Structure formats: structure tokens, C-alpha cells
Amino acid sequence: MAPVAGRNLCSIDAATRGGGFALALSVDDLRTNPAFCESLRIFSADLQGEYDGNKRLARLLSSHQRWLLSQCAFALHLEHDPSVPGSGLTASRLRDMITTYNAASRNTVLNFLDQLLSYRFIRIAGDSGRRPRRFEATEVTYAGMLRWMVANLATLDRVDGGARAQTLMAHPELFPLIQPYAARRSFEHDGWREPPPRVAMFLWTEAGGLVMDELVRRIDVTDPSPDRYDIGRVDARAMAEHFMMSRTHLQRLLRRAIEAKGLQWQDETKKTHLWFTADLLDEYRGWQAIKFSIIDAAFEYACSLLPAERLESPAFAGVSG
């Protein structure tokens, strides 16, 4: 699928405002587009940069369960309405949301909130003695989640030449509309919430998401081999130290991936250089396409809520493809 020439990549114009908004990129649009693979590789490198900038905050997204907890908690925070009693991020509301799909236990949710509070990623809003206690994201958390969303939109822009990331940076008021929409629909999507088994092997383990990002970042998409990609030398000791995980845990994770035929040693004797198999990349690409399609739909939805005069302002003049 080539970039869509002439497509309005805020995708809202006078013809569509009355009846919804233009269709976002579908899962198949993304999964079958050759540019999406390179976009994912760059996205993985962006996430590595976020990790290096704030390791403690980035680890909140380093496993799939933490990703789900973080995104849902932040969505509840943004959805707080002072006129609606009990709205916003509370332990009971996050617990009910997460346990509905058995994504985590009640104790895991409570421990997660305690951790956020102790690291000062959230704080108690208003009167600390009032029950139920409502939490709100601190400035560092809000900024980090906004950067994460910009990185996701930039990934979509690399696929079709859009200007989503530019638009969000020019209009940050879109963010509180995009994030809850994307978080809730991602969480409710069985295909995203439950990754394919070989992807889940990484994503459901502590810091496994960081390892997957590192491996995908190393993929050479220009490799002519039809069934595997070179990811070069893997120094388990250095990687484990960088991601603050035990070397034993990392080696066990890599061994399980090799046994599942997702990774292959290039040198069986020394076991230092790895191949990333094409079918594992296809599974990962298909899984990521679900989230990115939802984020694109969330972006379209947020744009549809802006007044027409805002969409016609100079800030949106360069959004068309």
C-alpha cells in the first residue's frame, strides 16, 4: 500500500464533519504496507530513547500488563469530570475496569497504584481523607504519556506521509481526547489485549517489552533473506544490565524464543549472534497494527470534535497529504 496521495490526514473537512470522519488506516492497511515495518523499527528506537531518558517511568510500559494498567489508569485520570461524583482515577474504578477482562488481579492493581504513588507518578487529588481517594497524574507522567502518543502518531505518519504528530504538537488539547479513546478500545480488543503466543512470551514478562523493542530496533529490513533478519551480536550481560533485569531472566527469555523458533542462533557454538525470524516479525507487526489502527481512529475522532474554524486555521493548513 503506497502513501495515500491527497488524503486529508487530519481527515476532517466540510464534507465529512456532519456524518462522522474519514476512515483511519485499517489493521490490514498497516500490516501489509512495507513502510510499516521500517516505521516500527524507528518506533522501537524512539521507545529506547524514552527508556534512557527516564528508566523508572519507561518501565511502566515495559510489560504488556503494565502497559494495560498504565494506559487505563491515565484514561480514567483524563476522564475526570468535577460534575460527576466518583469519576476519575480511583482504585475501585481501575480495579473494576482491569478485572472485567482478567488482565490483572485486584492485588496487582492496588500494588501498581501504590508504586505509582511512591514514585510520584501520581498524587492524591484534593482532600486526602476523602473516600474514595481520587488520584491524578503528575506533570512528569503527563509529559511522558504525551511524548509516547506523539511517537505513535509519528509512526503512522511515516507510513502514509501524514502530519498527525505535527498536528498534536500544535494542538495539545487533542491529547485528552485521543488517549482515553485509544486506551479503552485497545484494552477492549481481544487481539491487542492477548498478544500472539510468541509475542506474549516477551510482552508478559518483566522488562520483556524492552527486550522486544531492542530486538526489533536491530532488524535490518533491507536484508534480502525471505525468512529471517540479522539482528547482530547480542551481549546478554550488557543488555540485562541496561534494562535492569537479571541476566538469567534474559537468557531464559531468549532460550524460550529460540525453542519457539522466533529467534535463531547464527553461530550455534558461540551463541553470540542472532537471527529474528520473518514469521515472528509478521506476528509482531500484525499485533502492533491493531494498536496503531486504533490510535489512528482516535486521532480522527479527536479532530472531528474540534470546531470547524479551528480546522481551517493556519495550524491545520499543512495537514493534507
Side-chain angles (χ1 to χ4, degrees), residues 10 39 42-82 87-90 93-94 112-126 133-158 162-187 207 209-210 213 217 242-244 288 291-292 294-296 298-299 301-303 305-306 310 315-316:
C10 192
S39 296
I42 297 172
F43 177 65
S44 296
D46 290 342
L47 294 183
Q48 290 285 306
E50 285 296 314
Y51 172 77
D52 292 336
N54 190 331
K55 294 183 179 181
R56 183 170 287 174
L57 180 61
R59 283 180 72 87
L60 294 179
L61 304 175
S62 66
S63 73
H64 193 46
Q65 185 180 69
R66 284 176 171 264
W67 188 96
L68 295 171
L69 285 164
S70 299
Q71 294 290 334
C72 290
F74 197 75
L76 289 172
H77 157 67
L78 291 178
E79 290 170 344
H80 171 61
D81 183 346
S87 68
L89 174 57
T90 66
R93 296 193 78 222
L94 182 60
F112 178 72
L113 286 174
D114 285 342
Q115 187 179 41
L116 293 182
L117 194 59
S118 64
Y119 289 154
R120 299 182 181 178
F121 293 138
I122 60 174
R123 58 183 169 235
I124 299 172
R133 290 194 305 179
R134 182 174 65 85
F135 303 97
E136 61 184 11
T138 58
E139 289 75 10
V140 66
T141 302
Y142 193 98
M145 295 294 274
L146 176 59
R147 288 195 304 273
W148 179 86
M149 185 60 71
V150 169
N152 276 266
L153 294 178
T155 301
L156 288 163
D157 291 339
R158 293 186 192 100
R164 302 170 185 83
Q166 173 190 333
T167 300
L168 177 57
M169 289 187 289
H171 293 272
E173 67 271 22
L174 290 169
F175 179 55
L177 302 174
I178 298 171
Q179 195 279 336
Y181 182 110
R184 284 186 174 275
R185 282 155 182 77
S186 296
F187 181 66
L210 297 171
D213 288 336
R217 181 188 68 81
H242 183 63
F243 294 141
M244 298 186 291
Q288 284 283 2
K291 179 200 68 177
F292 278 103
I294 291 171
I295 287 177
D296 200 13
F299 175 79
Y301 164 76
C303 285
L305 298 181
L306 288 185
R310 294 292 306 281
F316 280 87

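Small disclaimer: the values here were computed from a predicted structure and weren't measured.
Sorted by first and then second residue, the salt bridge (Lys or Arg N to Asp or Glu O under 4.0 Å) pairs involving residues 139-154 (not counting sequence neighbours) are E50-R147, R123-E139.
The shortest distance between side-chain heavy atoms of L94 and L113 falls below 4.5 Å. Using a 4.5 Å heavy-atom threshold, the side chains of T167 and R164 count as separate. Side-chain atoms of L47 and L210, non-hydrogen and from C-beta on, never get closer than 4.5 Å to each other. Residues T90 and F135 form no side-chain contact, since every pair of their non-hydrogen atoms from C-beta on lies 4.5 Å or further apart. Residues Q71 and M145 form a side-chain contact, since some pair of their non-hydrogen atoms from C-beta on lies under 4.5 Å apart.
Considering only residues two or more places apart in sequence or on other chains, A58 meets the side-chain contact (heavy atoms from CB on, under 4.5 Å) condition with Y51. When the salt bridge (Lys or Arg N to Asp or Glu O under 4.0 Å) test is applied to R56, no partner is found at least two apart in sequence or on another chain.
The aromatic rings of F175 and F74 lie tilted to each other, with the angle between the two planes from 30° to 60°.
Residue S87 is tested with R93, R134, H80 for a side chain to side chain donor-acceptor pair (under 3.5 Å); the sole match is H80.
Taking the six-membered ring for Trp and the full ring otherwise, Y181 and F299 have centroids separated by 6.0 Å or more.
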task = Could you please spell out the steps behind the side-chain contact (heavy atoms from CB on, under 4.5 Å) verdict for M149 and I295?
result = CA-CA 9 Å; M149 185 60 71; I295 287 177; 4.0 Å; yes
ask   = Can L146 and L168 be said to form a side-chain contact (heavy atoms from CB on, under 4.5 Å), step by step?
value = CA-CA 9 Å; L146 176 59; L168 177 57; 4.0 Å; yes
inquiry  = Checking D296 against F292 for the side-chain contact (heavy atoms from CB on, under 4.5 Å) test, could you report, in this order, the C-alpha distance in whole Å, the side-chain angles of both residues, the deciding distance, and whether it holds?
reply    = CA-CA 6 Å; D296 200 13; F292 278 103; over 6 Å; no
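Side-chain atoms of T138 come within 3.5 Å of backbone N or O of F121 as a donor-acceptor pair. A donor-acceptor distance shorter than 3.5 angstrom exists from the side chain of D157 to the backbone of A165, with no hydrogens or angles considered. Under the 3.5 Å distance criterion, the side-chain polar atoms of S118 are matched with a main-chain donor or acceptor of D114.
Shown here for R66 and S62, the closest heavy-atom pair between the two residues is CD-OG, 4.3 Å.
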